[in-house]
Amino acid sequence: MRKFALLVLLVGPAFHIGLVLILGISRRYSQGTMVLSVMNEIPAVLVNMAIAGILIVALSIDERIEFRGA
């Protein structure tokens, strides 16, 4: 689970913005429209990164509790 959270944290933003750019290119948007569409996706990327970061912290706390109790 921790590896998945790291994957989301590191690869997720690049995948998300890359997908927006690919869709923009395939629909032949102008450069200004593509910049605006990428900027519109920044809050979603930040939320995904925050959720992944919280998950990593929660998993590391859980891991410490397990090792302490053993």
### Task
Kindly write out the residues that satisfy side-chain hydrogen bond (donor to acceptor under 3.5 Å, both in side chains) with T33, not counting sequence neighbours, or none if the list is empty.
S30
### Query
Got a sec, which pairs hit side-chain hydrogen bond (donor to acceptor under 3.5 Å, both in side chains) with one end in residues 42-58, sequence neighbours left out?
none
### Query
Residues two or more places apart in sequence or in another chain: which of them pass side-chain contact (heavy atoms from CB on, under 4.5 Å) with V38?
I17, V20, L21
### Query
With a cutoff of under 4.5 Å between side-chain heavy atoms, which Ile, Leu, Val, Met, Phe, Trp and Tyr residues group with I22?
none
### Query
In the hydrophobic clustering (ILVMFWY, side-chain contacts below 4.5 Å, transitive), which residues join I51, or is it alone?
V47
### Message
Suppose the criterion is salt bridge (Lys or Arg N to Asp or Glu O under 4.0 Å): which pairs have a residue in residues 35-62, not counting sequence neighbours?
### Response
none
### Query
L59 and L6: same hydrophobic cluster, using ILVMFWY side-chain contacts below 4.5 Å?
no
